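If you're wondering where the values come from, they're calculated on a predicted model, not measured in any experiment.
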Amino acid sequence: MAAVQQQQAMQKNTLYVGGLADEVNESILHAAFIPFGDIKDVKTPLDQANQKHRSFGFVTFLEREDASAAMDNMDGAELYGRVLTVNYALPEKIKGGEQGWAAHPLWADADTWFERQQQEKEILKMQAENKAAMETAEELHRKKLAEDRQGEMEEDTDTKDDPMARAEADALSHGDA
């Protein structure tokens, strides 16, 4: 609990400073904020690709009141032709929870990983079985349709070979005319 209160107290002392010009470095940022009180730390996180700051920084004051005064006076102020945005900094979020990923052993999630792999295999197996069942059903349906067509053709050929059926068909067709 004391650590949380200390962190919250630290937050009120740390300001986020956004909108920094490329020329601004940590010493210039320090010089811009020193009139408001004693500064504990100044940081400008670097972009890994070009090793330049990412147009923002953090200024940590020793006293809360100094941070508050700096924020009130510097928010909207201009530095090297750029308008600054100054707010209280949000608490730093550590990836992987409160203690970070380093606190978890590599094998901690192994069981859930293996379970997910097994589930994915079962899903793929079920999908393959469903696909095979659908193909079998379609093949049976095609065969049934082919048999039905074959049966209809045999009925037509039966009429042609049977003289009585032929005479009956002729009589029906002459009766329509």
Side-chain angles (χ1 to χ4, degrees), residues 1-30 33 39-64 67-68 70-71 74-76 79 82-156:
M1 191 71 167
V4 172
Q5 289 174 342
Q6 185 181 6
Q7 187 179 13
Q8 287 175 344
M10 180 65 94
Q11 285 174 252
K12 297 292 184 181
N13 294 5
T14 303
L15 299 177
Y16 163 84
V17 183
L20 298 178
D22 289 338
E23 302 84 24
V24 176
N25 58 27
E26 289 179 357
S27 62
I28 292 172
L29 197 57
H30 185 276
F33 281 83
I39 294 175
K40 180 179 178 182
D41 190 30
V42 176
K43 290 182 182 168
T44 54
L46 297 179
D47 183 355
Q48 296 299 328
N50 60 18
Q51 293 300 311
K52 292 183 179 182
H53 68 73
R54 299 175 351 197
S55 75
F56 67 90
F58 298 97
V59 178
T60 304
F61 286 88
L62 291 175
E63 300 293 327
R64 274 183 172 184
S68 177
M71 184 176 70
M74 294 298 285
D75 187 39
L79 182 65
R82 303 266 308 263
V83 176
L84 300 179
T85 302
V86 182
N87 296 313
Y88 287 116
L90 297 175
E92 188 174 337
K93 293 180 181 167
I94 301 172
K95 292 180 182 172
E98 209 172 291
Q99 295 178 337
W101 284 332
H104 299 288
L106 287 173
W107 57 87
D109 294 327
D111 290 339
T112 56
W113 184 85
F114 284 116
E115 285 175 13
R116 272 186 272 131
Q117 294 299 312
Q118 189 63 33
Q119 288 172 351
E120 287 175 16
K121 284 180 184 177
E122 288 176 17
I123 288 170
L124 290 173
K125 181 181 171 186
M126 288 174 54
Q127 288 174 341
E129 288 172 357
N130 286 344
K131 184 178 178 182
M134 289 295 288
E135 288 173 354
T136 303
E138 287 176 10
E139 185 63 31
L140 287 173
H141 182 68
R142 277 191 229 111
K143 285 182 180 177
K144 173 105 172 76
L145 288 175
E147 287 173 4
D148 289 348
R149 282 192 213 117
Q150 189 67 30
E152 289 172 9
M153 293 173 83
E154 286 175 6
E155 286 176 13
D156 289 345

Inter- and intrachain pairs under salt bridge (Lys or Arg N to Asp or Glu O under 4.0 Å), touching residues 130-140, at least two apart: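 Every pair satisfying salt bridge (Lys or Arg N to Asp or Glu O under 4.0 Å) with a residue in residues 130-140: Glu138-Arg142, Glu139-Arg142.
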All pairs passing salt bridge (Lys or Arg N to Asp or Glu O under 4.0 Å) where residues 114-127 contributes a residue, at least two apart: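 Of all non-adjacent pairs touching residues 114-127, none passes salt bridge (Lys or Arg N to Asp or Glu O under 4.0 Å).
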Rounded to the nearest 0.5 Å, how far does [atom2] of [Y] lie from [atom1] of [X]?
| X | Y | atom1 | atom2 | result |
| --- | --- | --- | --- | --- |
| Leu29 | Phe58 | CG | CZ | 11.0 Å |
| Asn87 | Thr14 | CG | OG1 | 13.0 Å |
| Leu145 | Leu140 | CG | CG | 11.0 Å |
| Ile28 | Leu20 | CD1 | CG | 10.0 Å |

Among Val24, Val17, Asp75, side chain to side chain contact (heavy atoms under 4.5 Å, CB included) partner for Leu84: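 Testing each of Val24, Val17, Asp75 against Leu84, the sole residue satisfying side chain to side chain contact (heavy atoms under 4.5 Å, CB included) is Val17.
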Contacts of type side chain to side chain donor-acceptor pair (under 3.5 Å), residue Thr44, not counting sequence neighbours: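 Counting only residues at least two positions away or on another chain, Thr44 forms a side chain to side chain donor-acceptor pair (under 3.5 Å) with Glu26.
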If every non-hydrogen atom of [X] is compared with every non-hydrogen atom of [Y], which pair is closest and at what distance?
| X | Y | answer |
| --- | --- | --- |
| Pro45 | Gly57 | CD-CA, 4.2 Å |
| Val86 | Met71 | O-CG, 3.4 Å |
| Glu63 | Asn13 | C-OD1, 4.0 Å |
| Asp41 | Lys43 | OD2-CE, 2.9 Å |
| Phe33 | Ala70 | CD2-CB, 3.8 Å |

Residues which pass salt bridge (Lys or Arg N to Asp or Glu O under 4.0 Å) with Glu23, listed by chain and number, not counting sequence neighbours: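 Here no residue qualifies.
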Contacts of type side-chain contact (heavy atoms from CB on, under 4.5 Å), residue Asp22, not counting sequence neighbours: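 So Asp22 forms no side-chain contact (heavy atoms from CB on, under 4.5 Å) with any residue.
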Residue list, side-chain contact (heavy atoms from CB on, under 4.5 Å) with Ala67, at least two apart or on another chain: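 For Ala67, the residues satisfying side-chain contact (heavy atoms from CB on, under 4.5 Å) (neighbours in sequence not counted) are Leu15, Phe61.
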Side chain to side chain contact (heavy atoms under 4.5 Å, CB included) evaluation trace for Ile123 with Met126: CA-CA 5 Å; Ile123 288 170; Met126 288 174 54; 5.7 Å; no
Step-by-step side chain to side chain contact (heavy atoms under 4.5 Å, CB included) determination, Tyr16 to Tyr88: CA-CA 6 Å; Tyr16 163 84; Tyr88 287 116; over 6 Å; no
